[in-house]
Amino acid sequence: MLHFDTDYMEGAHPQVMRRLLETNAERTVGYGRDEYTKRAESLILDACGLDNGKVHFLVGGTQTNATVIDGLLARHEGVVATDTSHINNHETGAIEATGHKVLVLPSENGKLRAEDVKRYIDDFYRDETFEHMVFPGMVYISHPTELGTLYTLEELRSLSGVCRKAGITLYLDGARLGYGLAAEGTDVTLKDIARLCDVFYIGGTKVGALFGEAVVITRSDILPRFYPLIKQHGALLAKGRLLGIQFETLFTDDLYIRIAGHAVKMAMKLKNALLGRGYRQYVDSPTNQQFFILPNREIDRLRKIASFEPWGVYGEEETPVRFVTDWATKEEDVDEFIGHL
């Protein structure tokens with residue numbers, strides 16, 4: 001069986017596993033106070049071009065989103081996000097469970113428009129009863145989005161400008177950030193994200209790590225007490241060096257971007273083959289997630305040789321589906337699947 005379900009089916013990149021094995025018998029202090037974690041933080045801050053930032057390592061994406069958003073918001077505030085966002089659809093109410101509402105706006109190909117955010121904030125404060133409502137306290141975006149699309153540098157600048165004028169924070173979910181940074185034609189770099197966002201995270205779970213996400217706080221005045229909040233949320237790993245070692249490895253010799261680039265290359269090969277055989281795109285994605293509309297009979301046939309996900313409820317005759325490649329996708333597996341199209 002071939003697998004194109006998601007990008008966290010394998011364990012970790014061999015270099016990550018090798019470093020974990022090489023350091024396995026060492027004894028280090030816990031909770032991320034070890035030298036490996038300190039070096040990982042230094043490498044990430046350098047890659048981000050930050051002199052006054054801070055990096056914290058958490059285990060998974062939902063933990064990270066819930067902890068960061070809870071830390072950034074006051075009790076009466078909510079988080080502005082798109083209708084297609086991960087926190088709105090696929091985190092089982094994790095944000096609401098912390099006492100904060102997700103304030104949903106429509107998306108354009110998975111992206112949040114700066115003009116919609118500005119209009120929402122302006123209209124909120126024009127309402128004479130706004131003090132009885134949930135305040136828009138921050139904005140959440142993901143890059144890539146849930147539909148594999150990417151913000152342009154101008155779109156990111158516009159969102160950042162709206163947030164800073166309104167005095168609220170901009171938070172970027174980077175669960176698949178490596179695949180976005182490695183996409184052909186993107187004009188957004190890691191340093192751009194660090195300059196325009198207040199907090200973001202670099203996803204490891206889906207990009208070569210066994211597990212783990214690196215939360216980057218771009219200024220010392222943001223989330224000054226984040227460490228105890230991580231523990232309060234049950235997200236502080238006692239054996240913190242396991243996270244540090246993984247990210248130190250991923251951010252040495254550009255490994256993170258190199259392996260993400262392989263996934264994008266495999267996705268483009270699959271995309272071009274599907275287009276060449278006349279299949280229609282559901283959305284045009286330049287990253288490792290590819291969305292196409294297939295006849296149901298074709299879905300049933302292809303799922304006998306490969307696993308992939310219907311994107312939503314089955315239609316009467318055809319259904320959108322998602323194919324996902326990752327750092328470990330074998331080109332021969334892509335070629336074999338293409339041979340069945």
Side-chain angles (χ1 to χ4, degrees), residues 1-10 13 82 84-86 90 107-111 141-153 155 173-189 203 206-208 256-312 314-315 317-341:
M1 178 69 77
L2 307 173
H3 296 282
F4 301 100
D5 303 67
T6 187
D7 33 21
Y8 48 81
M9 298 188 74
E10 291 88 357
H13 189 275
T82 69
T84 59
S85 66
H86 200 65
H90 289 120
S107 66
E108 183 177 289
N109 288 331
K111 295 191 283 187
I141 60 173
S142 57
H143 183 83
T145 69
E146 287 297 287
L147 296 179
T149 53
L150 296 173
Y151 287 89
T152 66
L153 182 56
E155 288 170 335
D173 178 331
R176 294 185 170 95
L177 185 55
Y179 303 126
L181 296 173
E184 185 176 349
T186 183
D187 61 352
V188 174
T189 67
K206 296 177 180 178
V207 194
Y256 187 71
I257 298 300
R258 286 192 286 110
I259 64 177
H262 168 78
V264 173
K265 181 181 177 182
M266 293 300 98
M268 294 306 102
K269 185 170 189 175
L270 182 57
K271 173 183 181 177
N272 291 332
L274 286 160
L275 288 172
R277 284 158 176 76
Y279 292 102
R280 291 183 294 125
Q281 287 181 306
Y282 179 67
V283 64
D284 187 10
S285 163
T287 61
N288 71 313
Q289 297 183 90
Q290 294 299 313
F291 298 84
F292 279 80
I293 300 172
L294 272 61
N296 291 345
R297 64 180 182 278
E298 281 294 282
I299 295 173
D300 294 339
R301 180 181 70 84
L302 291 171
R303 291 183 91 180
K304 292 177 181 177
I305 57 108
S307 57
F308 54 90
E309 292 185 345
W311 197 248
Y314 261 62
E317 296 183 1
E318 58 183 19
T319 303
V321 298
R322 182 183 74 162
F323 301 97
V324 186
T325 60
D326 63 24
W327 59 272
T329 298
K330 296 180 177 63
E331 189 163 10
E332 54 264 36
D333 288 352
V334 176
D335 290 337
E336 182 179 344
F337 182 74
I338 290 172
H340 289 280
L341 294 176

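Residue numbers run from 1 in the order of the sequence given. Both backbone and side-chain heavy atoms feed into the values below; hydrogens, waters and symmetry mates do not.
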Within-4.5 Å side-chain heavy-atom neighbours: Arg322 and Val324: yes

Polar side chain donor-acceptor pair, Asp5 to Ser307, under 3.5 angstrom: yes

Exceeds 12 heavy-atom contacts within 6.0 angstrom, atom OH of Tyr282: no

Trp327 side chain near His13 side chain, heavy-atom distance below 4.5 Å: yes

Minimum side-chain heavy-atom gap Lys206-Asp326 below 4.5 Å: no

I'd like a table of donor-acceptor pairs (distance under 3.5 Å, sequence neighbours excluded) in which one partner is a side-chain atom from residues 256-267, with atom names and distances.
residue	atom	partner	partner atom	Å
Tyr256	OH	Gly178	N	3.1
Tyr256	OH	Gly203	O	2.7
Arg258	NE	Asp253	O	3.1
Arg258	NH2	Asp253	O	3.2
His262	NE2	Thr329	O	2.5

Arg297 and Glu317: CA distance, side-chain angles, deciding distance, salt bridge (Lys or Arg N to Asp or Glu O under 4.0 Å) verdict: CA-CA 8 Å; Arg297 64 180 182 278; Glu317 296 183 1; over 6 Å; no

Phe337, CZ: over 12 other non-hydrogen atoms inside 6.0 angstrom: yes

Spacing of OG belonging to Ser142 relative to CG belonging to Leu147, to within rounding of 0.5 Å: 9.0 Å

Residue pair Tyr179, Gln289: steps toward the side chain to side chain donor-acceptor pair (under 3.5 Å) verdict: CA-CA 9 Å; Tyr179 303 126; Gln289 297 183 90; over 6 Å; no

Side-chain ion pair, Glu108 and Lys111, N-O less than 4.0 Å: no

Contacts of Arg303 that satisfy side chain to side chain contact (heavy atoms under 4.5 Å, CB included) - sequence neighbours left out: Ile299, Phe308, Pro310, Tyr314

Check: Asp335 and Lys330 side chains under 4.5 Å, non-hydrogen atoms: no

Derivation of the side-chain contact (heavy atoms from CB on, under 4.5 Å) call for Leu302 and Leu294: CA-CA 10 Å; Leu302 291 171; Leu294 272 61; 3.8 Å; yes

CZ on Phe4 to OG1 on Thr325, rounded to 0.5 Å: 8.5 Å

4.5 Å side-chain heavy-atom contact, Pro286 and Thr186: no

Separation between CG of Asn272 and CD1 of Ile338, rounded to the nearest 0.5 Å: 8.5 Å

Flag side-chain contact, heavy atom, 4.5 Å: Glu331 against Lys269: yes

Heavy-atom check, side chain of Thr84 versus side chain of Thr145, under 4.5 Å: no

Note, Arg176 side chain near His143 side chain (heavy atom, < 4.5 Å): no

Ring-ring centroid check Phe323 Phe291, cutoff 6.0 Å: no

Glu332 atom CD: more than 12 heavy-atom contacts under 6.0 Å: yes

Heavy-atom neighbours of His90 NE2 exceed 12 at 6.0 Å: no

